[in-house]
Amino acid sequence: MAGRGETVAVLGAGGTMGRPMARNLARAGCAVRAWNRSREKAAPLADAGVELAATPSEAAAGAGVLLTMLSDGDAVLSVAGDALPQLSRDAVWIQASTVGEAATERCIALARERGVAFVDAPVLGTRQPAEEGTLVVLAAAADELRARVQPLFDAVGSRTVWVGEAGAATRLKLVVNAWVLAVVEAGAETVALAEGLGLDPQLFLDAIAGGGLDLPYLRAKAAMMAAREFPPSFKLSLAAKDAALVEQAAQRHGLELPLLGTLRARLAEGAVAHGDEDLSATYRTSAPA
Ligand SMILES: NC(=O)c1ccc[n+]([C@@H]2O[C@H](COP(=O)([O-])OP(=O)(O)OC[C@H]3O[C@@H](n4cnc5c(N)ncnc54)[C@H](OP(=O)(O)O)[C@@H]3O)[C@@H](O)[C@H]2O)c1
């Protein structure tokens, strides 16, 4: 039975999201075993009583819950392949990385093959909400799994949105990220346009202040663009990955949404040189010389 007394293996525990999630699970009373490819990035978790593992299999040995929080589908599938056979009987795999529809289907098939219950659980929120334990968890799984994993979601998030069978949460995540990516790219081009027209971009923010078009997220990203400093909360390389996943989903479902192709190309272009900077560094591609 999963819950706060459960042993949770966290793979990707040195990442922007994985590390604070592991820490919050430990704070909530879970016995957490953490693995990260670059071991030193997970090392600070030892202070929170987290046990560091040398391999995914070591982290998973006898654990009741596996949490994956890695960059993309290939990374998730490769580590999960090693970890799943080591879990306890009756274990559950919570897959929280953003991997898109096709990779989620592969995860579901792998879990079924290994006899492990699967929860599709991508999250909304970035570095700070992850640290504060206020992520929004988008969760999809068989009904009987909900009570088992809810205490873990409550440890990392402030809200869970249940959306049906595994796969549905990933689809909802793609929908939300289509919006997030469009807002940031539109914000970047609007700031660049203001500058190109000889206007202080702050005038744009002042003009929309308090109205229906004002957004705290736009303000936060525009401030980074104005300062030309992009410490990563959500890396541009991951945003480019997500834009491609969103476009693939639209194509799979026979939708013609041309903005998605533009977004995918624009974010991929910025990610070549600035992939480790924040998503808002897409502004660099549009900024006037
Ligand atoms: N940051 C956000 O705002 C945010 C919000 C919601 C969802 N997400 C999603 O959550 C996931 C993690 O994001 P993040 O921001 O935490 O990314 P991150 O800081 O770049 O961390 C990525 C993690 O994946 C590991 N990794 C990458 N490739 C690997 C491979 N081939 N084998 C093993 N491990 C590998 C990294 O290990 P190393 O440390 O060794 O590189 C690291 O632990 C992504 O799918 C992202 O799209 C991010």
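Whatever order the structure lists them in is the order used to number ligands and atoms, beginning at 1.
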For this session: Assign the ring pair Phe230 / Tyr283 to parallel, tilted or perpendicular, where the plane angle (0 to 90°) is split at 30° and 60°.
Result: tilted
For this session: Examine Val116 and Leu152 and state if one hydrophobic cluster contains both, with Ile, Leu, Val, Met, Phe, Trp and Tyr joined whenever side-chain heavy atoms are less than 4.5 Å apart.
Result: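 They do not share one cluster, since no chain of ILVMFWY contacts under 4.5 Å joins Val116 to Leu152.
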Exercise. Going hydrophobic residue to hydrophobic residue with side-chain gaps under 4.5 angstrom, can you get from Val163 over to Val156?
Worked result: no
Would you say the side chain of [Y] lies within less than 4.5 Å of the side chain of [X], judging by non-hydrogen atoms?
{"X": "Val79", "Y": "Leu70", "result": "yes"}
{"X": "Arg159", "Y": "Val137", "result": "no"}
{"X": "Glu185", "Y": "Ser286", "result": "yes"}
{"X": "Ile94", "Y": "Leu66", "result": "no"}
{"X": "Asp120", "Y": "Gln95", "result": "no"}

Closest approach of any protein heavy atom to [atom], naming residue and atom:
{"atom": "atom 40 (O) of ligand 1", "value": "Ser38 OG, 2.5 Å"}
{"atom": "atom 20 (O) of ligand 1", "value": "Lys235 NZ, 2.8 Å"}
{"atom": "atom 7 (C) of ligand 1", "value": "Thr98 OG1, 3.6 Å"}
{"atom": "atom 22 (C) of ligand 1", "value": "Ser71 OG, 3.4 Å"}
{"atom": "atom 48 (C) of ligand 1", "value": "Met17 CG, 3.7 Å"}
{"atom": "atom 10 (O) of ligand 1", "value": "Met69 CE, 3.1 Å"}
{"atom": "atom 21 (O) of ligand 1", "value": "Gly15 CA, 3.4 Å"}

Exercise. What part of Ser233, side chain, backbone, both or neither, has a heavy atom within less than 4.0 angstrom of ligand 1?
Worked result: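 It is the backbone that gets close, since no side chain atom is under 4.0 Å.
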Could you pull out, from [options], the option with a heavy atom nearest to [atom]?
{"atom": "atom 5 (C) of ligand 1", "options": "Gly73, Ala13, Gly125", "value": "Gly125"}
{"atom": "atom 11 (C) of ligand 1", "options": "Thr68, Leu70, Val180, Leu135", "value": "Leu70"}
{"atom": "atom 32 (N) of ligand 1", "options": "Gln95, Arg127, Arg37", "value": "Arg37"}
{"atom": "atom 17 (O) of ligand 1", "options": "Leu238, Leu11, Val136, Val76", "value": "Leu238"}
{"atom": "atom 46 (C) of ligand 1", "options": "Gln128, Lys241, Glu40", "value": "Lys241"}
{"atom": "atom 19 (O) of ligand 1", "options": "Val123, Val10, Val99, Thr16", "value": "Thr16"}

Exercise. Should Trp35 be counted as touching ligand 1, given the test is an N or O pair under 3.5 Å?
Worked result: no
For this session: Using distance alone, determine whether Thr126 and ligand 1 share an N or O pair under 3.5 Å.
Result: yes
Any luck finding a side-chain donor-acceptor pair between [X] and [Y] under 3.5 Å?
{"X": "Gln150", "Y": "Trp162", "answer": "yes"}
{"X": "Asn24", "Y": "Arg27", "answer": "yes"}
{"X": "Ser280", "Y": "Asp278", "answer": "yes"}

Which atoms of ligand 1 are found less than 4.0 Å from any heavy atom of [X]?
{"X": "Ala75", "result": "28 (N), 29 (C), 30 (C), 31 (N)"}
{"X": "Ser97", "result": "45 (O)"}
{"X": "Gly12", "result": "43 (O)"}
{"X": "Asn36", "result": "37 (O), 38 (P), 39 (O), 40 (O), 42 (C), 43 (O)"}
{"X": "Lys173", "result": "6 (C), 7 (C)"}
{"X": "Lys41", "result": "38 (P), 39 (O), 41 (O)"}

Problem set entry | Salt bridge flag under 4.0 Å for residues Asp47 and Arg23 | no
Exercise. Between Arg106 and Asp74, is a salt bridge (Lys or Arg N to Asp or Glu O under 4.0 Å) present by the stated rule, with each step listed?
Worked result: CA-CA 10 Å; Arg106 288 166 64 203; Asp74 286 343; 3.8 Å; yes
Exercise. Does ligand 1 have any atom that is closer than 4.0 Å to a heavy atom of Ser78?
Worked result: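 No; Ser78 lies far enough from ligand 1 that no heavy-atom distance drops under 4.0 Å.
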